[in-house]
Protein chains: 2
Amino acid sequence: MSSELTAPGTGPAGAAPTLSEVAKRAGVSSITVSRVVRMPDLVAPETRARVERAMRDLGYVPNLVAGALASARTNSVGVLVPTIANSIFADTVQGLSDKLEPLGFSVILAQSRYDAAREDRMLAALLSRRPEAIIMVGSPATEEGSRLLRNARIPIVETWDLPANPIDAVAGFDNYKAGVAVAKHLVAQGRKQLAFIGGDDPRGTRRWFGFRDEALASGLAEPRRLILDRKDSGSVAAHARLPGVDAVFAANDAHAIGFMSGLRKAGLLRDGPASAQPVAVIGLGDLEMGQLISPTLSTISVHGDAIGRTAATLTLERGGERRVDLGFELVLRDSG
Amino acid sequence: MSSELTAPGTGPAGAAPTLSEVAKRAGVSSITVSRVVRMPDLVAPETRARVERAMRDLGYVPNLVAGALASARTNSVGVLVPTIANSIFADTVQGLSDKLEPLGFSVILAQSRYDAAREDRMLAALLSRRPEAIIMVGSPATEEGSRLLRNARIPIVETWDLPANPIDAVAGFDNYKAGVAVAKHLVAQGRKQLAFIGGDDPRGTRRWFGFRDEALASGLAEPRRLILDRKDSGSVAAHARLPGVDAVFAANDAHAIGFMSGLRKAGLLRDGPASAQPVAVIGLGDLEMGQLISPTLSTISVHGDAIGRTAATLTLERGGERRVDLGFELVLRDSG
DNA sequence: TCACCTCATGTTAGCGCTAACATGAAACAA
DNA sequence: TTGTTTCATGTTAGCGCTAACATGAGGTGA
């Protein structure tokens with residue numbers, strides 16, 4: 001234990017050592033130390049060894065804050081998601097961070113909680129850290145947010161959607177088409193009374209429009225739409241609010257599974273195939289869980305991690321195609 | 001579209017405006033602009049209005065990189081988790097970020113992927129950004145990681161566990177006791193052949209020890225232990241590898257649900273209460289999903305978001321109790 | 001011999017901001 | 001009047017690093 005009072009560690013005394021302290025100890029100039037850290041090949045082996053020794057002795061940890069200011073490169077990207085808990089967006093964050101971390105980029109994470117004002121605040125907060133790119137789920141909710149991003153002059157990747165007029169780059173899929181695909185499938189199955197349950201966020205709403213338009217185009221009555229709070233276990237009770245419905249598209253798998261749980265209580269769930277289900281249920285997201293429950297969940301599968309990795313790539317390469325449609329897949333199992 | 005070639009935005013031309021450009025435009029010194037941003041009360045209303053006007057005109061976004069260097073405060077915290085996708089740790093990240101973001105702190109997120117070398121690299125990367133605290137799941141896997149953290153002289157919060165010799169602060173629960181509690185319950189239920197399925201990470205292993213020790217202390221044979229890869233859907237097939245077992249503790253709910261899915265295929269799952277189950281299953285984490293499936297999942301409930309919020313608090317207040325046991329709860333439903 | 005490389009290292013200036021200390025005007029008390 | 005306080009604003013220096021440009025030693029070719 002050292003005699004310093006500085007809590008909580010017990011390492012080298014006093015403030016964190018700087019480049020020039022290392023330089024002094026190694027008997028070189030600070031730029032040489034900087035080179036040992038960043039471009040070791042440019043330094044003679046003996047000098048390098050001496051510097052490395054000094055760094056180890058002092059427990060030197062480079063200060064990237066200072067480095068970033070001097071070089072105008074922060075090696076960081078800002079990531080904005082509605083929410084990270086219990087959310088498929090976690091896959092996207094994982095995907096992009098797996099791609100970016102090995103390259104020396106750090107991820108600065110912010111959550112908007114589906115709140116436009118908070119989104120704007122978080123965007124401003126992110127930008128004030130001068131990230132080299134911003135990756136966000138969806139598009140800015142306000143004109144102000146949009147302006148901030150445009151003025152930042154860095155790559156901006158919008159994900160989980162395919163906006164018509166993106167700020168810069170896009171990695172997502174067509175939520176409208178996903179709704180269409182589900183409606184088509186249910187119609188082909190002979191379902192008549194469709195309903196949609198989910199949030200009224202932009203992407204959920206686009207799914208709803210696709211779903212509704214296709215149902216109408218097929219000559220069905222307009223589907224019911226039940227807007228649920230996030231984290232609403234209300235999906236469990238949703239069935240009671242949808243009398244007569246024989247097919248449901250849930251905007252995400254969690255809602256779908258909750259809805260199925262309600263169906264089970266009502267005696268309307270079978271362990272057999274889709275054709276045996278009094279009420280068909282299709283989710284979106286393809287949670288692993290969907291394959292483990294009974295009946296297994298039919299769902300729109302979306303590759304959240306691929307969205308993240310693609311977004312990371314779009315962040316790094318400024319040329320080339322700036323709009324990547326990663327598509328989706330209707331995965332049919334036993335629920336509908 | 002402006003005439004600038006700078007992609008991708010079309011905002012004010014050229015590089016991002018600086019404090020002193022705003023100052024020049026408003027006819028004040030730069031420190032006054034700085035005050036308008038950080039301590040507006042110290043600036044006369046008219047001056048403030050003039051400066052705010054200039055900031056808006058120029059689209060000024062403060063540069064926190066420079067500010068951090070000058071003030072030696074980055075207003076950021078480093079967060080290290082094993083993984084964020086499909087993971088209960090996302091709750092913790094959400095909890096701490098909900099607490100820290102309103103205070104102006106940013107979250108720098110890194111993932112170790114349960115890899116000690118990567119963990120050390122990520123810790124070094126985090127520290128080089130000079131966060132004002134580090135919050136991590138578990139404890140450093142290596143001596144090197146531990147040293148780095150001790151030398152950093154910032155609050156360090158270890159979570160999801162209660163290490164005997166923490167570096168600084170702790171917000172978690174006793175994984176050993178969780179294992180004990182599950183074993184006790186299963187023994188009381190009259191189960192004889194226990195088994196544990198899950199990973200061999202430090203926390204999973206502590207759960208296993210508690211589970212095993214209690215089983216042995218109750219006079220049962222040593223439980224089987226099946227080590228599964230993460231993301232192993234192997235949990236589905238686990239039952240086949242555990243002949244004769246009548247009670248299983250899964251280190252997390254995902255494994256528990258997968259295992260139940262295997263039981264169902266084997267005809268060993270009932271829709272009735274725990275007493276009717278040929279094989280009792282207890283999970284850990286209390287995923288919402290566990291209440292939606294049938295039979296409902298008995299589980300050790302842990303408040304991931306409370307862990308995150310508590311960790312955030314420990315980060316901000318350096319005095320007071322540095323060890324918070326958030327406990328756990330054995331939630332009994334129908335699976336065991 | 002000289003011009004001209006290459007290589008290893010150094011010098012200088014400055015990134016954009018803030019801490020700490022100054023300044024000067026106005027207000028007020030004795 | 002003079003000193004003292006308060007308030008609004010300014011000046012100066014420097015945070016720790018890196019870009020850009022020296023410098024000087026040693027080698028190379030004609």
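Naming: A, B, ... by sequence-line order, numbering from 1 per chain.
- A sub-4.0 Å separation between OP1 or OP2 of dC17(D) and a side-chain N or O of Y60(A) is present.
- OP1 or OP2 of dA19(D) has at least one side-chain nitrogen or oxygen of R38(A) nearer than 4.0 Å.
- Side-chain nitrogen and oxygen atoms of T47(B) include at least one within less than 4.0 Å of the OP1 or OP2 phosphate oxygen of dT9(D).
- S34(A) has no side-chain polar atom (N or O) that falls below the 4.0 Å cut-off from OP1 or OP2 of dC17(D).
- The side chain of A70(B) has dT18(C) as its nearest neighbour among dT9(C), dT18(C), dG16(D).
- One can place CG of L19(B) at 14 Å from C1' of dA19(C), the figure rounded to the nearest angstrom.
- In this structure, R48(A) atom CZ and dC7(C) atom P are separated by 15 Å, rounded to whole Å.
- Here the options are V81(B), V157(B), V79(B), L149(B), the test is side-chain contact (heavy atoms from CB on, under 4.5 Å), and the partner is M136(B); only L149(B) passes.
- The base of dG10(D) lies close enough to the side chain of R35(B) for a donor and an acceptor atom to sit less than 3.5 Å apart.
- Put simply, S30(B) has no side-chain N or O that comes within less than 4.0 Å of OP1 or OP2 on dC17(C).
- Atoms CD (E21(A)) and C1' (dC17(D)) sit 13 Å apart, rounded to a whole Å.
- For L69(B), the side-chain atoms get nearest to dG16(C) when compared with the rest of dA19(C), dG16(C), dT9(D).
- One can place CG of N75(B) at 20 Å from P of dC15(D), the figure rounded to the nearest angstrom.
- Residue S20(B) places no side-chain N or O under 4.0 Å from the OP1 or OP2 atom of dG16(C).
- Summarising the geometry, the separation between CE on M39(A) and C1' on dG10(C) is reported as 14 Å, rounded to the nearest angstrom.
- Listed pair T18(A) / dG16(D) fails the phosphate criterion, with no side-chain N or O lying under 4.0 Å from OP1 or OP2.
- Nearest-nucleotide assignment on DNA chain D puts the 5′-proximal partner with I31(B), out of G67(A) and I31(B).
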